[in-house]
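Report on the following structure.
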4 protein chains.
Amino acid sequence: MDEATTQKKDIILNAAIKVFAEKGYYSSRTLDISNEAGVAYGSLYHYFRSKDDILMSIFQERWNLLIAKVRQVREQGSGPEEQLGMVIDFIFRSYRQNPDLLKVMIMDVPRLDKFYNPENWKLYNLFFRGLMEIFHEGQEQGVFAADVSPILATIIMHGAVDATIRQYVYNPEFNKEEFPVEEARGQIMMVLRRGFSKKVEGEKS
Amino acid sequence: MDEATTQKKDIILNAAIKVFAEKGYYSSRTLDISNEAGVAYGSLYHYFRSKDDILMSIFQERWNLLIAKVRQVREQGSGPEEQLGMVIDFIFRSYRQNPDLLKVMIMDVPRLDKFYNPENWKLYNLFFRGLMEIFHEGQEQGVFAADVSPILATIIMHGAVDATIRQYVYNPEFNKEEFPVEEARGQIMMVLRRGFSKKVEGEKS
Amino acid sequence: MDEATTQKKDIILNAAIKVFAEKGYYSSRTLDISNEAGVAYGSLYHYFRSKDDILMSIFQERWNLLIAKVRQVREQGSGPEEQLGMVIDFIFRSYRQNPDLLKVMIMDVPRLDKFYNPENWKLYNLFFRGLMEIFHEGQEQGVFAADVSPILATIIMHGAVDATIRQYVYNPEFNKEEFPVEEARGQIMMVLRRGFSKKVEGEKS
Amino acid sequence: MDEATTQKKDIILNAAIKVFAEKGYYSSRTLDISNEAGVAYGSLYHYFRSKDDILMSIFQERWNLLIAKVRQVREQGSGPEEQLGMVIDFIFRSYRQNPDLLKVMIMDVPRLDKFYNPENWKLYNLFFRGLMEIFHEGQEQGVFAADVSPILATIIMHGAVDATIRQYVYNPEFNKEEFPVEEARGQIMMVLRRGFSKKVEGEKS
DNA sequence: AATGAATGAGGTTTCATTCAT
DNA sequence: GATGAATGAAACCTCATTCAT
């Protein structure tokens, strides 16, 4: 794949992200995408097999970035708490840089039938596995509570971040001024840090 | 609306829930719904204005139940921790009773354009407001940390539960045997209780 | 057919006239008619075989009135000019009394496939035959020009009246104040009287 | 709009005219039109927005021709009588060349809800205005009677022609052999000439 | 590679009519 | 006679995808 091709694919992908974010995958027409991208709509099919394929490409490209980030964070070697914080930071920064992309990732990707194939699940779970490993290390180092399952911890973390971004993206009654992204990010970190930390003195078991 | 009408609407709604859960809203045809419900094609349109209207009715009926639950929990008057626990329990029990319903609520409802109207947001936020009030009371009673925003706390809680159920619903690699629903519910409760509790001794701010 | 039945049929027919006039036959639903008539929509089918049948009944009832009028005018025995004038008067008066009815007669009846059956044509042409006979008598008495075909004369007369009423009914730019119905009627009469009268002195043949 | 597009639109339009003339607008299916045109189903919607749009295009194209004809006749500058004769001739000739077209114009166009919009009325009345001006000139030149309103004169003329063509098109009992089109046209001209001419000697006012 | 006209399967919705109550 | 829930055929239109240029 030469560079020109890669560039054109990116133009189309970015146009698709914008269009999907605005109307939703199923309400978006390929014509909308080609218009937004400024290419003839037949051209989409030079670069992608189908409309589905475009959405899957968005997922894969983005998700690989996320996985790379997790890997980079892990190799860089600070403490488990800091590592989780860096991943969460990365996600929130991604949202600020390109809210449309996260909107698509959260809302459209998981609702596409074709998304649910083994290959994607493998990719999907790769990210969680990275987080789980960080958490597990934290447990071994005594930073995180031993009675919390790494799987659940990961899901909770991801769910908290995901739900927060959803509020930003969709809820018109959500007061974005009162809650700047940084504030939200800080609170989530705080709650999770506490939630994941070792048994609190005097806790009812 | 007489009883017979209510019954018929429920039959259709339940059929729709099953069909939507299986194929997703956009991939479900109205014919599938009428077949599943065992009624004639056109009958759907006696009871609902459109396919959209069916999905919106599912949301509204279900969400009103959730709001009613929150209200009931609040009136019944145990401590804030117990109250939040009861709501979470209710959601997990709902999932066990009717996983399809939750699947539709989580995956299909939020992706429908028409969902995003003021009336629905009002309903939607009514639930969060109830949770927020519980949390706020907990703060006043010194049970929950004062430096956590009730809004964020609510979102985190909801996100955690939602994400967990998503795993049950979709992730084929998620080991449901290892994690029975009760286990997941217990762990979430534990993490949140810790995460929401007062500042831990010696916490880095 | 007892009296109660006849009355109910008339109620339905009048409702249908109103609805058809407003929305056109094909855009009118049987439900609209039953609502307008204040009866259950199943009831329409007690009194009429079908929606088509309702429109045909409107035509037949009305057209028989027209034919009766022509017969009455002929029996009453004034001169041919006066007789034609009376028929035209009758039509204009009908329009003033019930514009909706004429609207339906002119616009909806002739566009229904089922209208074109031998029985209706017979009825339809009965009216024209009456007019033709009047005209023919006028020719024999030397009142109307002998070189005008009674058939054409009749068609022209009918077309002129019909087109004028159409303007009243539909054309929003047609100035109804400037042209009260009586004025229009008078002018048509004048033009036709002249047009049908014997060859003008010095006419180019 | 390039030439190929124009050609394809014309093919579809002509097919639609044929189908509409045969079955009436509402009884014609879009599939019938595409079959008749020999194009794919969906192609209709490349060239026209909707079925309605096809009918409106037929009206507009045809009516612009009529208006152009009136303009041409006026510029060409013969006497008012001749000018009106030429317009009537044009209409009758149109009927002979393409009876289906006139059928659609007379029967289907005026019964479509969407026909009644300001834009169409403007177009519609442009034709009448042209005729009225001819008539008015005739009055000033002393050829036509001063006591006849140009508006009514125009309507009568149009109604007479329209009603005659209707007979040809629809009435199975109308004897077309006895009345060839030329004969009808001649008689109408004669009646109108007389009807529009100056007060006849000895006329009752 | 790029274009966009052409395709046609498939979906939602309408609505006249039936018929059990 | 009166009702209106139930029926399901049929219609319009959309839109992803193909393919000749």
Side-chain angles (χ1 to χ4, degrees), chain A residues 2 4-5 8 12 25-35 37-54, chain B residues 2 4-5 7-9 12 25-35 37-54, chain C residues 2 4-5 8 12 25-35 37-54, chain D residues 2 4-5 7-9 12 25-35 37-54:
Chain A
D2 65 21
T5 299
K8 200 75 167 272
I12 292 171
Y25 177 74
Y26 280 101
S27 303
S28 302
R29 281 158 298 144
T30 50
L31 183 63
D32 297 330
I33 300 171
S34 61
N35 279 346
V39 302
Y41 65 95
S43 291
L44 300 189
Y45 292 87
H46 276 289
Y47 296 99
F48 300 95
R49 268 188 308 282
S50 66
K51 191 185 168 192
D52 286 356
D53 188 35
I54 292 176
Chain B
D2 65 19
T5 299
Q7 263 181 8
K8 201 70 167 276
K9 285 187 92 162
I12 292 171
Y25 177 74
Y26 281 101
S27 303
S28 301
R29 286 163 300 141
T30 49
L31 183 62
D32 297 330
I33 300 172
S34 62
N35 281 346
V39 302
Y41 206 66
S43 290
L44 299 191
Y45 293 88
H46 267 288
Y47 294 98
F48 300 95
R49 265 187 309 282
S50 66
K51 193 185 168 192
D52 285 358
D53 188 35
I54 293 176
Chain C
D2 64 21
T5 299
K8 201 72 166 274
I12 293 170
Y25 177 75
Y26 280 101
S27 302
S28 301
R29 281 159 300 145
T30 51
L31 183 63
D32 297 330
I33 299 172
S34 60
N35 279 346
V39 302
Y41 65 94
S43 292
L44 300 190
Y45 292 87
H46 277 288
Y47 297 99
F48 299 95
R49 266 188 311 280
S50 68
K51 192 185 167 193
D52 286 357
D53 189 34
I54 293 176
Chain D
D2 65 18
T5 300
Q7 262 180 8
K8 201 71 169 274
K9 284 188 94 163
I12 293 171
Y25 177 75
Y26 280 102
S27 303
S28 301
R29 283 163 304 139
T30 49
L31 183 61
D32 297 331
I33 300 172
S34 62
N35 281 345
V39 302
Y41 200 63
S43 290
L44 299 191
Y45 293 89
H46 267 289
Y47 293 98
F48 300 94
R49 266 189 308 283
S50 66
K51 193 185 168 193
D52 285 356
D53 189 34
I54 293 177

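Just so you know, these numbers use all the heavy atoms, side chains as well, and skip hydrogens, waters and symmetry mates. Lettering of chains follows the sequences in order, A, B, ..., and the numbering in each one begins at 1.
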* Asked: Would you say D/S43 reaches E/dT7's phosphate, i.e. side-chain N/O to OP1/OP2 under 4.0 Å?
  -> yes
* Assigned partner base of F/dA10, Watson-Crick or wobble definition, under 3.5 Å -> E/dT13
* Asked: Hey, are A/Y47 and A/D53 close enough side-chain-wise for a donor-acceptor pair under 3.5 Å?
  -> no
* Grab the OH-P distance between C/Y45 and E/dC19 for me, whole Å please. => 13 Å
* C/D32 CG to F/dG4 C1', straight-line distance once rounded to whole Å -> 16 Å
* Asked: Pick the nucleotide of DNA chain E nearest each of C/G42 and B/G42; which residue has the one closer to the 5' end?
  -> B/G42
* Base, sugar-phosphate, or nothing for C/Y47, non-hydrogen atoms under 4.0 angstrom? -> sugar-phosphate
* Minimal non-hydrogen separation, B/I33 against B/I12, with atom names -> CG2-O, 4.2 Å
* Asked: Does A/K8 make a side-chain N or O approach to OP1 or OP2 of E/dA1 shorter than 4.0 Å?
  -> no
* Interatomic distance, C/N35 CG vs E/dC15 P [rounded to whole Å] -> 13 Å
* Structure fact -> Whole-Å distance, D/K51 NZ to F/dA11 C1', equals 8 Å
* To do: Please figure out whether C/G38 or B/A40 has its closest DNA chain F nucleotide nearer the 5' end.
  => C/G38
* To do: Find the distance D/I12:CD1 to E/dT7:C1' and express it as a whole number of Å.
  => 13 Å
* Asked: Considering only side-chain heavy atoms of A/R29, which listed nucleotide, F/dC15, F/dT17, F/dT3, is closest?
  -> F/dC15
* Rounded to the nearest 0.5 Å, how far does OG of D/S50 lie from CZ of D/F48? -> 10.0 Å
* Asked: Hey, does A/F48 reach any base, or is it just sugar-phosphate, or nothing, if we go heavy atoms under 4.0 Å?
  -> nothing
* To do: Nearest whole angstrom, please: distance from the C1' of E/dG11 to the OH of A/Y26.
  => 14 Å
* Under 3.5 Å, side chain of B/Y26 to main-chain N/O of A/S27, donor-acceptor pair present? -> no
* Asked: Roughly how many Å is it from CD1 in B/I33 to C1' in E/dT12, rounded to a whole number?
  -> 11 Å
* Asked: Considering all heavy atoms of both residues, which atom of D/L44 and which atom of D/T30 are nearest to each other, and what is their separation?
  -> CD1-O, 3.4 Å
* To do: Tell me what D/S28 touches on the nucleic acid: a base, only sugar-phosphate, or nothing, going by heavy atoms under 4.0 Å.
  => sugar-phosphate
* Of all the choices, F/dA16, E/dA2, F/dT17, which nucleotide is nearest to the side chain of A/Y41 once you look at every atom? -> F/dT17
* Asked: E/dA2 base to A/H46 side chain: any donor-acceptor pair below 3.5 Å?
  -> yes
* Structure fact -> Mate of E/dA1 across any strand shown (Watson-Crick or G-U wobble, both atom pairs under 3.5 Å) is none
* Asked: If you pin C/V39 and A/S27 to their nearest nucleotides in DNA chain F, which one's is more 5'?
  -> C/V39
* **E/dT12 phosphate, OP1 or OP2, under 4.0 Å from B/T30 side-chain N/O** => yes
* To do: Figure out the CG/C1' separation between D/L44 and E/dA5, and round it to whole Å.
  => 14 Å
* To do: Can you measure from OG (C/S34) to CZ (C/R29) and round to the nearest 0.5 angstrom?
  => 10.0 Å
